[in-house]
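Since the structure is predicted, the reported quantities are computational estimates derived from the model, not experimental observations. Whatever order the structure lists them in is the order used to number ligands and atoms, beginning at 1. Only this structure's heavy atoms are used, side chains among them; waters, hydrogens and symmetry mates stay out.
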Amino acid sequence: MYILGIESSCDETAASVSLDGVNILSSVVSTQIEEHKKYGGVVPEIASRRHCENILDVVDEAIRKSGLTLEDMDAVAVTHAPGLIGALLVGVNFAKGLCLASGKPLVPVHHLTGHIASNYIAHHDLKPPYLCLVASGGHSHIVEVLDYTKFRIIGRTRDDAAGECFDKCARALGFPYPGGVYIDKASADGNPDTYPLPHPKVAGSEYDFSFSGLKTAVINKVHNAQQKGENICCNDMAASVQKTISEILVVKTIAAAKAYGYKKIALAGGVSANSGVRNALSKACAENGFEVFMPPRELCGDNGAMIACQGYFNFINGIRADSSLNAAATLSIEKPL
Ligand code: KG4
Ligand code: ZN
């Protein structure tokens with residue numbers, strides 16, 4: 001079964017064709033990062049305009065590279081939520097137009113379920129149920145993947161997402177947007193024990209996260225040092241931030257897996273590219289006898305392949321949309337439609 005997947009929820013216009021979800025025949029990603037870098041973050045209106053300009057070429061290229069035609073597709077899957085509303089609307093309306101013109105079924109995909117599905121592409125042996133740590137620029141969740149289209153959140157962030165925390169700490173250290181990857185690189189040459197940083201306690205739920213205290217602590221340390229004319233060692237601070245975020249994410253995920261009886265743990269979302277998080281989760285899983293799954297780095301960020309993959313599972317489970325499909329800036333993964 002051939003699925004065309006379309007993604008435009010943030011600053012990547014992406015499309016992909018998959019065979020039975022997990023075999024990727026083509027994947028095209030057009031990123032706008034260089035343009036948003038100038039402003040220190042994604043400018044929503046610019047993102048929407050670039051999606052408008054790029055989407056036709058990106059989709060066309062994805063179909064062409066797959067060696068197939070639109071006629072060969074069994075369905076068109078599109079990210080409809082969550083994300084920047086103006087950005088999502090471009091992909092949703094483009095997909096609706098394609099379906100209207102071609103008569104193909106339209107399949108809505110929740111962006112975070114797409115991130116989770118990137119694991120099926122890399123690990124054909126992974127099957128639900130399992131526990132997934134989803135950490136991106138906008139979300140940090142511990143999710144029970146009960147089935148391919150059924151999810152339950154057991155932990156969430158109360159404030160900033162892990163990716164947001166990486167990016168804001170990176171900004172305080174003078175790195176460009178999005179700073180997560182710069183923290184990752186600088187960490188390789190830093191001592192993670194140089195700057196002790198807080199591990200926030202979250203009242204009420206053992207599995208919820210809070211990253212705003214950590215972010216504030218880093219910003220304060222950097223600014224105080226600047227005011228006193230002292231030097232902060234950038235690599236050491238980056239390594240300390242990465243170690244702390246990794247510990248917070250992994251400790252809670254392992255605790256949740258034990259409490260809920262999961263022995264398979266997956267990682268997903270943009271932050272899953274982070275070496276510290278990957279290493280800490282792999283180590284903790286090995287120590288506890290858990291199986292661990294993570295996407296290859298090229299599938300960690302936003303891409304069309306993960307949408308084509310989850311689109312396939314949605315499609316074979318009867319999930320469809322009609323021409324009334326709308327985009328939504330926020331939508332729970334527990335009710336992904
Ligand atoms: O999933 P994603 O591409 O977009 C959203 O759906 O939000 O995630 C983007 C986030 C950004 O905060 C980015 O800095 C972070 O993922 N990120 C990283 C790394 N690569 C991307 N954070 C830490 N280390 C990385 N190597
Ligand atoms: Zn994403």
**Message:** Please report whether ligand 1 has a polar contact with Glu12, defined as an N or O pair separated by less than 3.5 Å (distance criterion only).
**Reply:** no

**Cationic N near anionic O, under 4.0 Å, Glu61 to Arg64** = no

**Prompt:** Does any N or O atom in Gly180 lie less than 3.5 angstrom from one in ligand 1, N or O only?
**Reply:** yes

**Sub-3.5 Å N/O-N/O distance, Gly269 and ligand 1** = no

**Asked** Is it the side chain, the backbone, both or neither of Asp184 that has a heavy atom closer than 4.0 Å to ligand 1?
**Response** side chain

**Request:** State whether Glu53 and Arg49 are salt-bridged, where the test is any N-O pair (Lys NZ or Arg NE/NH1/NH2 against Asp/Glu carboxylate O) under 4.0 Å.
**Result:** no

**Prompt:** For ligand 1, which atoms sit closer than 4.0 Å to a heavy atom of Gly270?
**Reply:** 1 (O), 2 (P), 3 (O), 8 (O), 16 (O), 17 (N), 18 (C), 19 (C), 20 (N), 21 (C)

**Item:** Test item, His111 contacting ligand 1 (heavy atom, 4.0 angstrom)
**Value:** yes

**Request:** Kindly assign one of parallel, tilted or perpendicular to the pair Phe175 and Tyr182, based on the angle between their ring planes and the thresholds 30° and 60°.
**Result:** parallel

**Message:** So that I can tick it off, tell me whether Lys263 and Glu291 are bridged by a salt bridge, with the cut-off set at under 4.0 angstrom between side-chain N and carboxylate O.
**Reply:** no

**Message:** In this structure, does ligand 1 have an atom that sits under 4.0 Å from one of the heavy atoms of Cys10?
**Reply:** no

**Message:** Students often mix this up, so state it plainly: with edges at 30° and 60°, are the rings of Tyr148 and Phe313 parallel, tilted or perpendicular?
**Reply:** parallel

**Asked** the Zn ion (ligand 2) to His115: any N/O/S contact under 2.8 Å?
**Response** yes

**Message:** Check the orientation of Phe209 and Phe211. Use parallel for under 30°, tilted for 30 to 60°, and perpendicular for over 60°.
**Reply:** parallel

